[in-house]
Amino acid sequence: MKELVFDHSYAVPFVRPGELELLEPQAAAAHRQLHDKTGAGSSFLGWLDLPERYDRAELARLKEAAQRIQDQCEALIVIGIGGSYLGARAAISALSHSFSDLLSRDARRAPQVFFAGHAISDKYLHDLIELVAEKDLALNVISKSGTTTEQAIAFRILRELMEKKYGAEGARERIYVTTDASKGALRKMVQSEGYTSFVIPDDVGGRYSVLTPVGLLPMAAAGIDVDALLEGAAAACSWFGRPELKDNGAYQYAALRSIFQRKGKNIEILVNYEPSLFYFSEWWKQLFGESEGKDQKGIFPASVNFTTDLHSMGQFMQDGARSIFATTVWVDRSPVEVVVPHDPKDEDGCEYLAGKSLSCINAKAFQGTVLAHTDGGVPNLVVNVPELNPFYFGALIYFFEKACAMSGYLQGVNPFDQPGVELYKRNMYALLGRPGFEEERKALEQRLK
C-alpha cells in the first residue's frame with residue numbers, strides 16, 4: 001500500500017540548509033502535547049485516534065440508516081453549516097461521478113444529495129424547495145446545539161415541508177439527526193419526536209468532525225464506501241503518528257508553513273488540478289482559517305482550481321506580490337482515461353498532443369506551473385495522493401487535520417477553539433431581537449446610525 005507523500009523538494013530554494021531541522025524541538029514538544037493531551041484545547045482531541053477506535057456498532061447502525069435513506073428517497077437534504085456539512089460535501093464531490101445528480105437513479109444507485117442551512121438566502125432555499133417538491137425526500141440535520149441560526153431556520157422550514165408532504169408520523173421516519181449525545185435543542189426534538197439520531201462526540205470540534213457521523217452518514221447515503229475511508233484515515237494515523245519531524249510529512253508541512261510565514265509569506269494557496277476537489281479546498285480553508293486565525297496570528301488560506309484559474313489567478317501567483325506560497329494536492333492516477341484523437345489537418349495546432357491522455361497533459365501542466373511559480377519566487381509544496389478513492393481521501397483528511405493541529409501549536413495558538421466566530425453570532429442575535437440581548441441591541445443600533 002502506497003503512502004500519501006508530502007514533497008517539499010520544490011521549496012528547497014526558499015529554505016536555508018538546516019532551517020527545517022531547527023524546528024525539531026518545537027515539533028517534538030507539540031507532538032507530546034497532542035498525544036499526551038496536555039496542550040491548549042486538549043479536550044477536543046477526540047479526532048486524533050478516532051479512525052482506530054471508532055464505535056463499530058454505531059457505524060453498523062449508521063450504515064443501516066444510510067441504506068434506509070437510499071431505499072426511501074430520491075433526494076437527501078443535508079442541513080448544516082461549516083464543519084457540519086463541508087467534509088461530507090467535499091467527499092461526495094470528490095468520490096462521486098462529476099454529474100451524479102444529473103444521472104438517472106439506476107445509474108447513480110443513491111439519492112441526489114443537496115445541502116441547506118449553510119447560508120441565509122431566500123432564493124437558494126426557495127429554489128431548492130422548488131427543485132425537490134415532487135421528489136421523495138429525507139433530511140439529515142446536523143448541529144451540536146441545534147440553535148445555530150442558519151441550520152435552525154432551514155430545518156424549521158424543511159421540517160414543515162416534510163410534515164405537510166408525509167404527515168407528522170411519515171416525516172419522523174425520514175428525518176435523521178446528528179447532534180450532541182445528551183443536550184441541546186436537537187436532542188430534545190429527538191427525545192420528543194423519536195427521530196433516528198447519531199452522536200457528535202463531545203471531544204471532536206465541528207471542523208474536525210468529518211470522520212464522525214457528521215460526515216459519514218451523508219457519505220454512506222451517497223454510496224461512498226465509508227469503511228474504506230476510515231481504513232485510509234487509520235493508515236494515516238500510523239503514517240503521520242511518527243514523533244520525529246524528519247519522518248512525518250504532516251509535521252514537515254506544518255513546520256514549513258511556519259518558516260514561510262516568518263519570511264513574510266502570510267497567504268497560502270491550496271491548488272488542485274481536479275474539479276471534483278473544489279469542495280475539498282473549501283473544507284481545507286475552514287479547517288485552517290478557523291483553527292489558526294486568532295490572536296492576530298495565522299496564515300490566510302485561499303485556493304485555486306487549475307488549470308482553470310491559471311488563466312486568471314495564475315497571473316497574480318506568477319508576478320504579483322510575493323506574500324504567497326502554494327500547496328498542491330496532486331492525484332497521481334486518474335480512474336479513467338480520455339485520449340486526444342489524431343486530426344491530419346491539425347487546424348487547432350494540437351496534433352503534437354494526439355495519442356496523449358488528458359491526465360498526461362494535466363501532469364505536464366502541473367509540472368510546468370510548479371517550475372514557473374518557483375522561478376517567480378513562490379515556494380511550492382506538494383501532497384501526492386496515489387489515487388482519488390475513499391481510502392486515500394480518508395488519509396488526506398487526516399493528513400491535514402494532523403498538520404493543522406501541529407501548525408497551530410507551532411504558531412502558539414489554540415487550534416481547537418473559535419472565539420472570533422462567536423462575536424458575529426452575538427451581534428446578529430442582538431440585532432434580530434433575540435431574548436436576552438436587549439442591551440447589546442441598543443448599543444449596536446447606535447453604532448449603525
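For clarity, every value in this text was computed on a predicted model and none was experimentally measured.
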>> Checking the side chain of Thr179 only, and the main-chain atoms of Ser143 only, is there a donor and an acceptor separated by less than 3.5 Å?
In response: yes
> Run the side chain to side chain contact (heavy atoms under 4.5 Å, CB included) check on Asp227 and Lys63 step by step: do they pass?
Replying inline: CA-CA 10 Å; Asp227 290 312; Lys63 290 192 290 185; 2.7 Å; yes
>> Strictly by side-chain hydrogen bond (donor to acceptor under 3.5 Å, both in side chains), give each pair with a member in residues 380-406 just once, sequence neighbours left out.
In response: His35-Lys402, Tyr251-Lys402, Arg333-Glu387
> Does Leu50 reach the side chain of Leu230, with side-chain heavy atoms less than 4.5 Å apart?
Replying inline: no
> Can you name the nearest heavy-atom pair linking Ile92 to Pro218, along with the distance?
Replying inline: CD1-O, 3.8 Å
> Would you call Tyr424 and Arg426 a side-chain contact if the rule is heavy atoms closer than 4.5 Å?
Replying inline: no
> Are side-chain heavy atoms of Thr327 and Val382 found at a separation under 4.5 Å?
Replying inline: no
>> Does this structure show an ion pair linking Arg53 with Asp203, if we count only N-O contacts that are shorter than 4.0 Å?
In response: yes
> Roughly how far, to the nearest 0.5 Å, is OH of Tyr273 from OG1 of Thr328?
Replying inline: 5.5 Å
> Should Lys265 and Ile259 count as side-chain neighbours, where that means a heavy-atom distance under 4.5 Å?
Replying inline: no
>> Whether the Ser359 and Glu337 side chains hold a donor-acceptor pair (N or O, under 3.5 Å, no angle test) is what I'd like checked.
In response: no
> How many angstroms lie between atom CZ of Phe44 and atom CG of Asn414, to the nearest 0.5 angstrom?
Replying inline: 9.0 Å
> Quick check, are the ring centers of Phe325 and Phe14 under 6.0 angstrom apart?
Replying inline: no
> Are the side chain of Glu274 and the backbone N or O of Phe306 linked by a donor-acceptor pair below 3.5 Å?
Replying inline: no
> Checking Arg322 side chain against Gly320 main chain: does a donor-acceptor pair fall under 3.5 Å?
Replying inline: yes
> Quick check: does any side chain N or O of Ser291 sit under 3.5 Å from a backbone N or O of Pro415, one acting as donor and the other as acceptor?
Replying inline: yes
> Going from CD on Gln318 to NE2 on His373, what distance comes out if it is rounded to the nearest 0.5 angstrom?
Replying inline: 4.5 Å
>> Less than 6.0 angstrom from the centroid, inside 45 degrees of the normal: does Arg61 satisfy that with respect to the ring of Phe198?
In response: yes
>> Which residue in the set Tyr253, Phe399, Phe400 passes ring pair (Phe, Tyr, Trp, His ring centres under 6.0 Å) when paired with Phe240?
In response: Phe399
> Heavy atoms, side chains only, cut-off 4.5 Å: are Leu217 and Ile69 in contact?
Replying inline: yes
>> So which atom in Pro390 and which in Ile224 form the shortest heavy-atom distance, rounded to 0.1 Å?
In response: CG-CG2, 4.4 Å
> With distance as the sole test, does Arg174 use its side chain to make a donor-acceptor pair with the main-chain N or O of Gln72 at under 3.5 Å?
Replying inline: yes
> Any ion pair linking Asp180 and Arg187 (charged N to carboxylate O, less than 4.0 Å)?
Replying inline: no
> Hey, would you say the His8 and Phe6 ring centroids sit under 6.0 Å apart?
Replying inline: yes
>> Show every side-chain hydrogen bond (donor to acceptor under 3.5 Å, both in side chains) that has at least one partner inside residues 101-121, sequence neighbours left out.
In response: Gln112-Lys135
>> Please enumerate all residues that pass side chain to side chain donor-acceptor pair (under 3.5 Å) together with Lys425, with sequence neighbours excluded.
In response: none
> Among pairs that include at least one residue of residues 5-28, which meet salt bridge (Lys or Arg N to Asp or Glu O under 4.0 Å), considering only residues two or more places apart or in two chains?
Replying inline: Arg16-Glu19, Glu19-Lys263
> Hey, does Val271 have a side-chain heavy atom less than 4.5 Å from the side chain of Thr369?
Replying inline: no
>> Can you pull out every side-chain hydrogen bond (donor to acceptor under 3.5 Å, both in side chains) where at least one residue sits in residues 297-311? Sequence neighbours excluded, please.
In response: Asn272-Asn305, Lys285-Ser303
> Which is it for Glu292 and Arg257 under the salt bridge (Lys or Arg N to Asp or Glu O under 4.0 Å) test, yes or no, and what are the steps along the way?
Replying inline: CA-CA 12 Å; Glu292 292 188 333; Arg257 295 178 85 250; 2.9 Å; yes
> Between OH of Tyr429 and OG1 of Thr147, what distance do you get to the nearest 0.5 Å?
Replying inline: 5.5 Å
> Which pairs count as side-chain hydrogen bond (donor to acceptor under 3.5 Å, both in side chains) when at least one residue sits in residues 85-96, sequence neighbours excluded?
Replying inline: Arg89-Tyr279
>> Please find the pair of heavy atoms, one from Leu245 and one from Ala255, that lie closest to each other, and give the distance.
In response: CD1-CB, 4.1 Å
>> Could you go through Val210 and Met219, starting from their C-alpha distance and side-chain angles, then the distance that decides it, and tell me whether this counts as side chain to side chain contact (heavy atoms under 4.5 Å, CB included)?
In response: CA-CA 10 Å; Val210 62; Met219 289 183 217; 3.5 Å; yes
> Are Asp127 and Leu125 close enough that some pair of their side-chain heavy atoms sits under 4.5 Å apart?
Replying inline: no
>> For the backbone of Gly83 and the side chain of Gln286, can you confirm whether one donor and one acceptor N or O come within less than 3.5 Å of each other?
In response: yes
>> Please find the pair of heavy atoms, one from Ala110 and one from Gly223, that lie closest to each other, and give the distance.
In response: CB-N, 4.2 Å
> Cut-off 3.5 Å, side chains only: do Ser258 and Gln411 have a donor facing an acceptor?
Replying inline: no
> Do Gln252 and Asn248 get their side chains close enough for a donor-acceptor pair, meaning under 3.5 Å?
Replying inline: no
> Between the main-chain N or O of Thr38 and the side-chain N or O of Ser42, is there a donor-acceptor pair closer than 3.5 Å?
Replying inline: no
> Does the side chain to side chain contact (heavy atoms under 4.5 Å, CB included) test come out yes or no for Gln151 and Ile142, once each step is laid out?
Replying inline: CA-CA 8 Å; Gln151 161 270 314; Ile142 307 166; over 6 Å; no
> Heavy-atom distance under 4.5 Å between the side chains of Phe115 and Ile77, does that happen here?
Replying inline: no
>> Can you tell whether the side chains of Arg32 and Asp36 come within less than 4.0 Å, N to carboxylate O?
In response: no
> How far does CG of Leu4 sit from CH2 of Trp239, to the nearest 0.5 angstrom?
Replying inline: 6.5 Å
> Checking Arg159 against Phe155: charged group under 6.0 Å from the ring centre and within 45 degrees of the axis?
Replying inline: yes
> Any idea which heavy atoms bring Ile361 and Val340 closest together, and the distance?
Replying inline: CD1-CG2, 3.8 Å
> Shortest non-hydrogen contact from Pro379 to Phe260?
Replying inline: CB-CZ, 3.5 Å
> So, does Glu351 use its side chain to make a donor-acceptor pair with the main chain of Asp343 at under 3.5 Å?
Replying inline: yes
>> Can you tell whether the side chains of Asp332 and Lys2 come within less than 4.0 Å, N to carboxylate O?
In response: no
> Phe288 and Ile299: side chain to side chain contact (heavy atoms under 4.5 Å, CB included), yes or no, with the steps?
Replying inline: CA-CA 8 Å; Phe288 278 87; Ile299 298 167; over 6 Å; no
> Counting distance only, does the side-chain N/O of Thr212 pair as donor-acceptor with the main-chain N or O of Val214 below 3.5 Å?
Replying inline: yes
>> Given 3.5 Å as the limit, does a donor-acceptor pair link the side chain of Glu150 with the main chain of Ala119, or not?
In response: no
> Would Arg207 and Glu282 satisfy salt bridge (Lys or Arg N to Asp or Glu O under 4.0 Å), going step by step from the backbone distance to the final call?
Replying inline: CA-CA 11 Å; Arg207 58 192 177 275; Glu282 296 300 298; over 6 Å; no
